[in-house]
Amino acid sequence: MGKKIWLSARDRKKIQERYKVSAATVSDALNFKVNSLLNRRMRAYAMNFLHGMIMESED
């Protein structure tokens, strides 16, 4: 099962601007594809400040 953090496009854009990264980097972070320090910070910001929701998939 895979995890994803759901955010609106507007909130994804906020993360992109705040951390100065590409849309692909934000997508990788929110889809738990990469586990670097920056990606963990982006996920924490998404959950704590942008009220993202964790979605479980049965992949």
Side-chain angles (χ1 to χ4, degrees):
M1 287 178 51
K3 294 192 287 189
K4 296 180 181 184
I5 297 176
W6 185 88
L7 282 179
S8 67
R10 181 175 34 143
D11 288 340
R12 286 175 176 256
K13 187 71 172 171
K14 286 180 186 177
I15 291 175
Q16 196 175 342
E17 292 169 356
R18 178 180 174 87
Y19 292 100
K20 296 176 178 60
V21 296
S22 68
T25 302
V26 173
S27 179
D28 286 347
L30 297 180
N31 290 321
F32 291 85
K33 290 185 179 178
V34 180
N35 195 29
S36 69
L37 178 60
L38 177 60
N39 285 296
R40 290 193 302 266
R41 286 182 179 165
M42 285 190 277
R43 288 193 289 267
Y45 182 76
M47 294 299 296
N48 296 325
F49 296 101
L50 301 176
H51 308 293
M53 296 185 303
I54 292 186
M55 310 296 261
E56 297 281 339
S57 64
E58 295 186 21
D59 294 328

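Being a predicted model, the structure only gives us computed values, none of them experimental.
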Asks: Please say yes or no: joined through hydrophobic side-chain contacts below 4.5 Å, possibly via intermediate residues, are Val34 and Tyr19 part of one cluster?
Replies: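 No, no single cluster joins them.
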Asks: Could you give the distance from CG (Asn39) to NZ (Lys33), rounded to the nearest 0.5 Å?
Replies: 11.5 Å
Asks: Tell me every residue that passes side-chain contact (heavy atoms from CB on, under 4.5 Å) with Asn35, counting only those two or more places apart in sequence or in another chain.
Replies: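 Checked Asn35 against side-chain contact (heavy atoms from CB on, under 4.5 Å); matches are Arg40, Arg43.
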Asks: Suppose we screen for ring pair (Phe, Tyr, Trp, His ring centres under 6.0 Å). Which residues come up paired with Phe49, at least two apart in sequence or across chains?
Replies: Tyr45
Asks: List the atom of Glu56, the atom of Lys3, and the distance in Å for their closest heavy-atom pair.
Replies: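 Closest approach of Glu56 to Lys3: OE2-CG, 3.5 Å.
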Asks: Quick one: closest heavy-atom pair of Ala29 and Met42, and the distance?
Replies: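 Nearest pair, atom of Ala29 first, then Met42: CB-CE, 3.8 Å.
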Asks: Tell me whether Leu38 is reachable from Val26 by hopping between hydrophobic residues (I, L, V, M, F, W, Y) whose side-chain heavy atoms are closer than 4.5 Å.
Replies: yes
Asks: Please tabulate, for the side chains in residues 6-18, all donor-acceptor contacts under 3.5 angstrom to protein atoms that are two or more places apart in sequence or on a different chain.
Replies:
unit_1, atom_1, unit_2, atom_2, d
Ser8, OG, Asp11, N, 3.2
Ser8, OG, Asp11, OD2, 3.4

